[in-house]
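Data block below; observations after.
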Amino acid sequence: MIAIISLEAPSRPLMEQLIRDNRLPNFASLQQKGEVVELAPPFLDGAVYATLYTGQHLSEHGVYSLFTWSAPEQKLRLSHELIPDDTLFRRLDRAGKRVVAIDPPEHPLQELTNGIVVSGCQFRSRVHLAKWSRPSGANGELLKHLGKTPRGEETFGQPSQRHLLHLRKILIQAPGRLASAVERLLEEKKADVLWVGMAAVHLAGHQLRDPASVDAIGQSTAGASLLEDSLIEVYLAADAALGRITRILPDNADILVFWAKGMGPETCRADLLPEMLERILNPRPIVHTSSGNDILTRLRAIVPTSLRSKVADALPDSLSLQLTARLGTIGKDWKTVRAFTLPSDGPGLVRLNIRGRERNGIVTESEATVLRDEITEGLRTFCDIDGKECIADIERPGDHLPPGHKMDRLPDLVIRWSNQSSTNLRGVISPKYGTVLRGGAGSGRSGNHIPGGGAIIVPRSGTYRPINNRTPNLVDLSATVCAAAGIPYEDLPGRSLLAYD
């Protein structure tokens with residue numbers, strides 16, 4: 001058996017401090033017993049889940065975000081609709097292996113003959129952890145044991161302190177619910193592969209990393225005091241759950257604890273990018289106006305977060321997400337659009353409207369190179385309104401990824417923001433294109449993803465096998481699961497980190 005435990009996106013400096021203070025005993029124990037491995041950062045953070053679930057590089061599966069562009073349809077699609085059907089769980093299931101998976105984020109709903117998949121166990125979220133299970137009755141059986149699953153949503157925009165306190169309560173409880181679910185399911189079903197995701201660590205990093213830095217609605221001294229150490233409390237709860245999970249595993253079970261990325265300050269400026277791009281594509285006299293020429297950005301700036309949350313909660317989760325995807329491109333006259341931004345909660349993403357690739361493309365291949373350079377040069381003229389750098393780099397996926405069949409599904413330009421916090425950023429300014437002021441409060445987060453992935457491998461049946469000629473990456477984790485389960489994976493690009501006689 002192999003147990004895969006994802007911490008998703010922890011703050012490594014905070015974890016290391018807690019380990020030094022002897023406050024994460026279970027994590028520290030695994031670290032001492034196992035091999036600590038650095039993982040190469042994903043090119044796009046939103047590609048993590050699809051990479052793990054397919055065992056393929058981003059350029060091969062093409063899913064880089066919850067909302068991924070479909071050029072033949074000229075619209076955004078939800079990631080789970082585009083993940084290839086032949087997932088890792090399906091591969092294991094076809095080989096007769098028993099998978100027990102609890103809260104794999106953004107996984108497509110799939111039937112398994114031999115396994116159990118439960119989503120929305122710790123908490124339910126329309127984006128991260130939709131509520132479903134296969135077999136369909138598995139979630140209901142767990143609810144009898146765990147109690148009703150709370151809803152833990154993240155709505156972009158200015159948060160209220162009340163909502164942050166609500167999330168704090170849910171996220172501190174979540175790891176314990178996960179451990180109870182593992183104990184229950186492993187008592188009932190022998191597993192070849194256990195796969196669990198500690199989603200609370202991820203969401204807490206976004207919302208509770210530094211709540212004092214966010215201008216929350218309805219601030220109170222008592223509430224601020226409760227929120228101050230919330231992230232630490234979630235980490236302590238996650239460590240306790242980690243101990244419970246590892247104690248119930250068979251003595252010969254290999255353990256792989258990993259995190260695909262780290263967590264640092266919020267630096268995203270993607271809400272400003274649509275107006276920045278508009279200024280470059282359609283120059284006019286220098287102006288000083290707010291961001292938001294696209295409907296989705298305008299709605300987030302104008303409609304209060306609480307009202308948007310209520311509307312989204314009143315709709316079926318799938319409909320709410322489909323509506324958000326539609327709003328991402330609604331109102332565009334494709335006959336005149338040469339380039340456009342794609343939704344992102346991290347790096348800025350720009351796509352060219354290329355003829356022959358996009359259904360309604362207008363830019364020829366020969367024009368595309370000139371246009372990419374024009375956009376790149378224009379964006380580099382912007383800085384934060386206080387004069388500090390706002391863009392660290394602008395990249396093209398083809399320069400960083402191996403060749404693949406889905407490369408043409410990816411953004412044409414990826415804008416890496418500077419490491420300056422954007423939590424209270426007022427806007428950006430360019431001597432050529434003027435000032436773009438932020439409409440609203442940006443994402444409302446205090447934390448976001450940074451590089452810093454890693455894994456702890458505790459071999460108890462297999463033998464650790466290092467990869468010597470490159471840094472291990474996510475596809476190697478999928479290959480490791482296959483090797484541990486004893487099924488072929490020669491068609492996958494990854495290499496196993498465990499060897500078996």
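The figures that follow rest on heavy atoms only: side chains count, while hydrogens, waters and symmetry mates do not.
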Taking atom types as modelled, is there a side-chain donor on Thr51 or Gln56 under 3.5 Å from an acceptor on the other?
no

Hey, is NZ on Lys169 packed in by over 12 heavy atoms from elsewhere, all under 6.0 Å?
no

Sequence neighbours excluded, every pair satisfying ring pair (Phe, Tyr, Trp, His ring centres under 6.0 Å) that has a member inside residues 474-501:
none

Check: Leu227 main-chain N/O paired with Ser230 side-chain donor or acceptor under 3.5 Å:
yes

Mark yes when over 12 heavy atoms from residues, nucleotides or ligands other than Arg12 sit less than 6.0 Å from its CZ; otherwise mark no.
yes

Would a 4.5 Å heavy-atom cut-off, applied to side chains only, mark Lys406 and Glu60 as touching?
no

Name all pairs fulfilling the side chain to side chain donor-acceptor pair (under 3.5 Å) condition that reach into residues 171-182, sequence neighbours left out, sorted by first residue then second.
Thr149-Arg177, Ser180-Arg244

For His107, what residues pass the ring-ring contact (aromatic ring centres under 6.0 Å, His included) criterion, not counting sequence neighbours?
Tyr53, Phe89

Heavy-atom distance under 4.5 Å between the side chains of Val37 and Tyr464, does that happen here?
yes

Less than 4.5 Å apart, any side-chain heavy atom of His166 and any of Glu153?
no

Less than 4.0 Å between a side-chain N and a carboxylate O, is that true for Asp271 and Arg438?
yes

Of all the heavy-atom pairs spanning Leu178 and Gly197, show the shortest one and how long it is.
CD2-O, 3.8 Å

Would you mind checking if Glu141 and Lys144 are paired as a salt bridge, meaning a charged N to carboxylate O distance below 4.0 Å?
yes

Backbone N/O of Ile248 and side chain of Glu183: donor-acceptor pair under 3.5 Å:
no

Looking only at heavy atoms, which two atoms of Ala9 and Gly262 are closest? And how far apart?
CB-O, 3.9 Å

Closest heavy-atom pair and its distance - Gly205, Leu231
N-CD1, 3.8 Å

Ring pair (Phe, Tyr, Trp, His ring centres under 6.0 Å) contacts touching residues 203-238 (sequence neighbours left out):
His202-His206, His206-His449

Can you tell me how far apart CG (Leu24) and CG (Leu30) are? Round to the nearest 0.5 Å.
11.0 Å

Compare all side-chain heavy atoms of Leu167 with those of His163 and state whether any distance is below 4.5 angstrom.
yes

Could I get the full list of salt bridge (charged side-chain N to carboxylate O under 4.0 Å, His left out) partners for Glu35, not counting sequence neighbours?
none

Excluding sequence neighbours, so at least two apart, what forms salt bridge (charged side-chain N to carboxylate O under 4.0 Å, His left out) with Asp192?
Arg98

Quick one: which of Val481, Leu92, Val117 gives a side-chain contact (heavy atoms from CB on, under 4.5 Å) with Trp195?
Val481

For the residue pair Arg465 and Leu498, establish whether any side-chain heavy-atom pair is separated by less than 4.5 Å.
no

Under 3.5 Å, side chain of Ser133 to main-chain N/O of Asn139, donor-acceptor pair present?
yes

So, using ring-ring contact (aromatic ring centres under 6.0 Å, His included) as the criterion, who are the partners of Phe123 when residues are at least two apart?
none

His128 versus Tyr49, side-chain donor and acceptor atoms under 3.5 Å:
yes

Counterpart residues, ring-ring contact (aromatic ring centres under 6.0 Å, His included), relative to Trp69 (two or more places apart):
Trp334, Phe340

So, using side-chain contact (heavy atoms from CB on, under 4.5 Å) as the criterion, who are the partners of Ser213 when residues are at least two apart?
Asp210, Thr423, Ser446

Does any N or O in the side chain of Arg409 come within less than 3.5 Å of the main-chain N or O of His61, such that one atom is a donor and the other an acceptor?
yes

Any Phe27 side-chain heavy atom under 4.5 Å of Gln32 side chain
no

As a quick check of understanding, evaluate side-chain contact (heavy atoms from CB on, under 4.5 Å) for Leu477 and Leu497, giving each step before the final call.
CA-CA 7 Å; Leu477 303 188; Leu497 291 161; 4.0 Å; yes

Side chain to side chain, Ile116 and Val99, heavy atoms closer than 4.5 Å:
no

Tell me whether Glu154 is salt-bridged to Arg445, with the criterion being a basic N under 4.0 Å from an acidic carboxylate O.
yes

Working for side-chain contact (heavy atoms from CB on, under 4.5 Å), residues Leu58 and Leu410
CA-CA 9 Å; Leu58 168 58; Leu410 308 185; 3.7 Å; yes

Indicate yes or no: at least one non-hydrogen side-chain atom of Met1 is less than 4.5 angstrom from one of Leu186.
yes

Any donor-acceptor pair under 3.5 Å from Ser225 side chain to Thr221 backbone:
no

Would you say Asp93's side chain and Asn114's backbone share a donor-acceptor pair under 3.5 angstrom?
yes

Is there a donor-acceptor pair under 3.5 Å between the side chain of Asp86 and the backbone N or O of Thr54?
no

Would you name the heavy atoms of Pro411 and Pro397 that are closest together and state the gap between them?
O-CG, 3.1 Å

Lys/Arg-Asp/Glu bridge criterion (N-O < 4.0 Å) met for Arg134, Glu111
yes

Check: Pro459 main-chain N/O paired with Thr463 side-chain donor or acceptor under 3.5 Å:
no

Cut-off 3.5 Å, side chains only: do Ser421 and Glu266 have a donor facing an acceptor?
no

Would you list the pairs meeting salt bridge (charged side-chain N to carboxylate O under 4.0 Å, His left out) in which at least one residue belongs to residues 478-493, sequence neighbours left out?
Arg91-Asp491

Take Ile232 and Arg23, measure what side-chain contact (heavy atoms from CB on, under 4.5 Å) needs, and give me the verdict at the end.
CA-CA 10 Å; Ile232 292 175; Arg23 300 180 74 184; 3.9 Å; yes

Could you tell me whether Arg168 and Glu233 make a salt bridge, using a distance below 4.0 angstrom between a side-chain N and a carboxylate O?
yes

Testing the basics here: between Ser70 and Arg77, what is the closest heavy-atom pair and its distance to 0.1 Å?
CB-CG, 3.7 Å

Results of salt bridge (charged side-chain N to carboxylate O under 4.0 Å, His left out) for Glu228 - residues two or more places apart only:
none

Would the distance check show the side chain of Asn473 and the main-chain N or O of Leu39 forming a donor-acceptor pair, the cut-off being under 3.5 Å?
no

Residues that Arg416 engages under salt bridge (charged side-chain N to carboxylate O under 4.0 Å, His left out), provided they are two or more places apart
Glu395

One should read off an interatomic distance between Thr113 OG1 and Arg90 CZ, to the nearest 0.5 angstrom, of 8.5 Å

Side-chain donor/acceptor of Asp254 to backbone N/O of Ser461, under 3.5 Å:
yes

If you count every heavy atom of other residues, nucleotides or ligands that lies below 6.0 Å from His145 atom NE2, does the total exceed 12?
yes

Minimum heavy-atom separation for Arg495 and Thr480, please, with both atom names.
O-OG1, 4.2 Å

For Leu194 and Val196, run side-chain contact (heavy atoms from CB on, under 4.5 Å): C-alpha distance rounded to whole Å, both residues' side-chain angles, the deciding distance at 0.1 Å, then the answer.
CA-CA 7 Å; Leu194 172 68; Val196 297; 3.9 Å; yes

